[in-house]
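Notes for the one structure printed next.
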Amino acid sequence: MNYWLMKSEPDTFSIDDLKQRPKSTEHWDGVRNYQARNFMRDEMKKGDLVLFYHSSCKVPGVAGIAKIVKEAYPDHTAFDKNSNYYDPKSSEENPRWFMVDVKFEKKFKKVVTLKELKTFEELKEMKLLQKGSRLSIMPVTKEEFDFIQGLS
DNA sequence: GCCAACGTTGGC
DNA sequence: GCCAACGTTGGC
């Protein structure tokens with residue numbers, strides 16, 4: 001089983017939004033970065049756990065936990081001309097972008113903030129904290145996952 | 001294949 | 001709103 005961190009802008013889609021979806025499940029569309037796509041398409045497995053990270057907001061940080069409930073399949077928003085995520089280079093015959101389904105697992109009582117994360121020696125190696133790291137989907141180790149959950 | 005120009009991310 | 005860092009595009 002693998003562990004991940006997935007970023008979302010809470011003004012657009014927060015952990016509360018995820019919880020409120022039917023079956024507390026939503027497809028993770030709009031990923032348009034090859035590295036993030038490859039993680040999703042090639043390595044994410046059903047049952048993997050996800051740190052749900054709030055980015056580009058007042059208090060960035062890990063807001064809770066979600067779970068992968070469906071493995072990668074073509075991201076249909078890439079086919080939709082009216083979508084912000086439309087990509088003419090992706091077709092149904094040869095899809096370029098993929099998404100997974102993610103289910104709400106739990107919300108932390110308080111957000112484990114980015115500021116806080118930066119203070120721990122144990123998390124020094126985290127991809128999230130590396131300079132210039134901007135990936136919206138990245139792997140975390142079991143140790144990092146457990147440690148962060150322990151902070152909540 | 002190089003690289004300049006441009007676009008995006010995301011913390012601050 | 002600024003800007004550093006990184007990704008993508010496209011001319012050559």
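All chains are named by letter (A, B, ...) in the order of the sequence lines, taking the proteins before the strands, and each is independently numbered beginning at 1. Fair warning: this is a prediction, and the values are worked out from it, not measured in the lab.
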- Task: Please determine if A:K124 forms a cation-pi arrangement with A:F120, meaning its NZ or CZ atom is less than 6.0 Å from the six-membered ring centre and no more than 45° off the ring axis.
- Result: no

- Message: Quick check for you: among C:dT9, B:dT8, B:dG10, whose closest atom lies nearest to any side-chain atom of A:S55?
- Response: B:dG10

- Query: What nucleotide, of B:dG10, B:dG11, C:dG7, holds the atom closest to the side chain of A:N33?
  - Reply: C:dG7

- Angle class for the A:F145/A:Y3 ring planes (parallel below 30°, perpendicular above 60°, tilted otherwise)? tilted

For [X], which contact category applies under a 4.0 Å heavy-atom criterion: base, sugar-phosphate, or nothing?
X: A:E9; result: nothing
X: A:K115; result: nothing
X: A:K58; result: nothing

Distance in angstrom units between [X] [atom1] and [N] [atom2], rounded:
X: A:Q130; N: C:dC6; atom1: CD; atom2: P; result: 11 Å
X: A:M138; N: C:dG7; atom1: CE; atom2: C1'; result: 15 Å
X: A:Q35; N: C:dG7; atom1: CD; atom2: P; result: 6 Å
X: A:K131; N: B:dG11; atom1: NZ; atom2: C1'; result: 14 Å
X: A:R134; N: B:dG7; atom1: CZ; atom2: P; result: 14 Å

- Task: Give a yes or no on whether the ring-centroid distance for A:W97 and A:Y34 is below 6.0 angstrom.
- Result: yes

- Message: Taking the basic N atoms (NZ, or NE/NH1/NH2) and the acidic carboxylate oxygens, is any pair closer than 4.0 Å for A:E116 and A:K110?
- Response: yes

